[in-house]
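First the structure, in the form of structure tokens, and then the observations on it.
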Amino acid sequence: MPDTQALVNDFLNKLKKRKIEGSQATAKQTAELLRSVISQTRMPYTNQASALIHSVKAVGERLIAANPVELAVGNVVRRVLHIIREEDLSLTTAAMAGLNLSAESDDEDDTDRDNHPALSAAAIAAASRSTLRPPSLQTLLEDVPDSAAVPHTSSSGGDSEGKSKSADKSSRSRKLKHDVIEAVNELIQDISTCRELIAEQAVEHIHQNEVILTLGSSRTVLEFLCAAKEKKRSFRVFVAEGAPRYQGHLLAKELVTRGLQTTLITDSAVFAMISRVNMVIVGAHAVMANGGVIAPVGLNMVALAAQKHAVPFVVLAGSHKLCPLYPHHPEVLLNELRSPSELLDFGEFSDCLDFGSGIGAPLLHVVNPTFDYVPPKLRRA
């Protein structure tokens, strides 16, 4: 089995050098890495959930710091932490119910059982909720005081009981890790199939003879539009080219290959063409807690045009892009600057980039942001 630290370092290197393309691939690889971390975490005698949480947090903080603008990493880390707490709570609730039923069946006859009913579901749930607050109920159950223990009739009996408790704890530890890994596997599956699940809803949004506008290239948008085409919907797509990377050219070519009527337009023509459009459908980099969207640069202009002409603005995003943070939080980076080479040829503009002003600064500055922030008030759907 590969060393966990080597896997973490390799993934950190990919995040820092931006070698992973797309939030879905980043989220999936993050979940797979955290699954390996959980699998190789050594479980202590007590507080197994705390050990898993500590391991995931330690790795997660490094991953988030490596590429703060890729919010899908933090989203997956938080999802995995929630899974650990949820599975631990489930096991603790089951253990409490089992202990209560076992005590009644061993120590009471039928008459006494009627006088001492089993714990209610509400009582078990209320006690289980306290496991999320220190001291944990799991610790209280495991560290049973000597006065509460069953009297030992012999040293061999005590040893046998101790071995039995140790085996129970070891079994619970394996059960917790197994359940967490299974839940993380389901999370990875959800991330892998999110595009297909989103595409299944295409026919509910796209109707016959509509005109759809999108910008740049999004694999989720592509699958969504093609799914509607497969359901015999006839419609036309306007694709804004998405300068300066011109990803819209790639999307337009792919749509034509799939048999969709496509019109390629410049980004500056969005306002001129929006009056002919029935709906705007775009992808997103992240969806914030306030409903705002971090999206490829240029989409705020499209959202403004859609609002001006009362055109529905639909954002397609998988659950791994749902971020519980707000855009004003200091740990949230809304943008990243790309290379100026995407905008101009350094050979042709070398004179402008020279330090000719005599004050130690170039005459020409080039800013190439990656993302736009679309406030929630501009979203209509």
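We count residues from 1, following the sequence as given.
A donor-acceptor pair under 3.5 Å is absent between the side-chain atoms of N47 and the main chain of S50, judged by distance alone. With E210 contributing its side chain and H207 its backbone, the two residues share a donor-acceptor pair below 3.5 Å. Between the side chain of R18 and the backbone N or O of K16 there is at least one donor-acceptor pair closer than 3.5 Å. Remark: the backbone N or O of I281 is paired with a side-chain donor or acceptor of T214 at under 3.5 angstrom. For R233 (side chain) and V203 (main-chain N/O), a donor-acceptor pair under 3.5 Å exists by modelled atom type. In this structure, the side chain of N13 does not engage the main chain of N9 through any donor-acceptor pair within 3.5 Å. Between the side chain of T93 and the main chain of L89, a donor-acceptor pair closer than 3.5 Å is present. Looking only at distances, no side-chain donor or acceptor of N290 sits under 3.5 Å from a matching main-chain atom of Y326. Of the possible polar contacts, none joining the T220 side chain to the S218 backbone as a donor-acceptor pair under 3.5 Å is found. Proximity of a side-chain donor or acceptor of N368 to a complementary backbone N or O of S339 within less than 3.5 Å is detected.
By the 4.5 Å heavy-atom criterion applied to side chains, V311 and L213 are not counted as neighbours. Using a 4.5 Å heavy-atom threshold, the side chains of T30 and E70 count as separate. Using a 4.5 Å heavy-atom threshold, the side chains of L337 and P369 count as touching. Side chains of L255 and R258 form no contact here, defined as non-hydrogen atoms less than 4.5 Å apart. The side-chain heavy atoms of H178 and E182, taken from C-beta on, include a pair separated by under 4.5 Å. Proximity of N335 to T370: side-chain heavy atoms (C-beta onward) are separated by under 4.5 Å at one or more points. The shortest side-chain heavy-atom distance between P296 and R245 does not fall under the 4.5 Å cut-off. For the pair L378/L304, a side-chain contact is recorded, criterion being any heavy-atom separation below 4.5 Å from C-beta on.
Rounding to the nearest 0.5 angstrom, the gap separating the OG1 atom in T92 from the CZ atom in R85 is 13.5 Å. Distance check: Q189 CD to N185 CG gives 9.0 Å after rounding to the nearest 0.5 Å. Rounding to the nearest 0.5 angstrom, the gap separating the CD1 atom in I198 from the CD atom in E200 is 10.5 Å. Taken from OG1 in T193 to CD in Q24, the straight-line distance is 8.5 Å, to the nearest 0.5 Å. Note that CZ of R219 and OG of S23 are 14.5 Å apart. Values are rounded to the nearest 0.5 Å. Taken to the nearest 0.5 Å, the OG1 atom of T41 stands 5.5 Å off from the CG atom of L52.
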Working for side chain to side chain contact (heavy atoms under 4.5 Å, CB included), residues V282 and F313: CA-CA 8 Å; V282 297; F313 187 85; 3.8 Å; yes
Before giving the answer on side chain to side chain contact (heavy atoms under 4.5 Å, CB included), spell out for K308 and I274 the whole-Å C-alpha distance, their side-chain angles and the decisive distance to 0.1 Å. CA-CA 9 Å; K308 182 70 174 179; I274 194 68; over 6 Å; no
Yes or no on side chain to side chain contact (heavy atoms under 4.5 Å, CB included) for L344 and L364, after CA distance, side-chain angles and deciding distance? CA-CA 11 Å; L344 50 79; L364 176 65; 4.1 Å; yes
Passes side chain to side chain donor-acceptor pair (under 3.5 Å), N278 versus R236? Steps please. CA-CA 10 Å; N278 301 107; R236 174 177 288 273; over 6 Å; no
Let's go through Q261 and V211 carefully: what are the C-alpha distance in whole Å and the side-chain angles of both, what is the deciding distance for side chain to side chain contact (heavy atoms under 4.5 Å, CB included) to 0.1 Å, and is it a yes or a no? CA-CA 10 Å; Q261 293 289 328; V211 178; over 6 Å; no
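Surrounding CZ of F271 are more than 12 heavy atoms belonging to other residues, nucleotides or ligands, all under 6.0 Å away. Annotation: H329, atom NE2; neighbour count of heavy atoms from other residues, nucleotides and ligands within 6.0 Å is above 12. The number of heavy-atom neighbours closer than 6.0 Å to CD of E21, taken from other residues, nucleotides and ligands shown, is 12 or below. Open room surrounds CZ on R276; 12 or fewer heavy atoms of other groups in view lie less than 6.0 Å from it.
Cluster annotation: L222 and Y246 are assigned to distinct hydrophobic clusters (Ile/Leu/Val/Met/Phe/Trp/Tyr, side-chain heavy-atom contacts under 4.5 Å, transitive). Residues L176 and L34 are members of one and the same hydrophobic cluster, defined by side-chain heavy-atom contacts under 4.5 angstrom among Ile, Leu, Val, Met, Phe, Trp and Tyr. Under a hydrophobic-cluster definition in which Ile, Leu, Val, Met, Phe, Trp and Tyr are linked whenever side-chain heavy atoms come within less than 4.5 Å, directly or via other members, V80 and I20 are assigned to the same cluster. No continuous path of hydrophobic side-chain contacts links L215 to L334 [ILVMFWY only; heavy atoms under 4.5 Å]. Note on V315 and L325: separate hydrophobic clusters, where clusters join Ile, Leu, Val, Met, Phe, Trp and Tyr whose side-chain heavy atoms are under 4.5 Å apart, directly or indirectly.
The minimum heavy-atom distance between M288 and Y373, with the atom names listed, is CG-CE1, 4.5 Å. Across A183 and I83, no two heavy atoms sit closer than the pair CB-CG2, 3.4 Å. Across V73 and L63, no two heavy atoms sit closer than the pair CG1-CB, 3.6 Å. Looking at every heavy atom in both residues, P244 comes nearest to L343 through CB-CD2, 3.4 Å. Taking all atoms of both residues into account, the shortest heavy-atom contact from H285 to V69 is NE2-O, 2.9 Å. The minimum heavy-atom distance between V59 and L33, with the atom names listed, is CG1-CD2, 4.4 Å.
Clustering of Ile, Leu, Val, Met, Phe, Trp and Tyr by side-chain heavy atoms under 4.5 Å joins V256 with none of the others.
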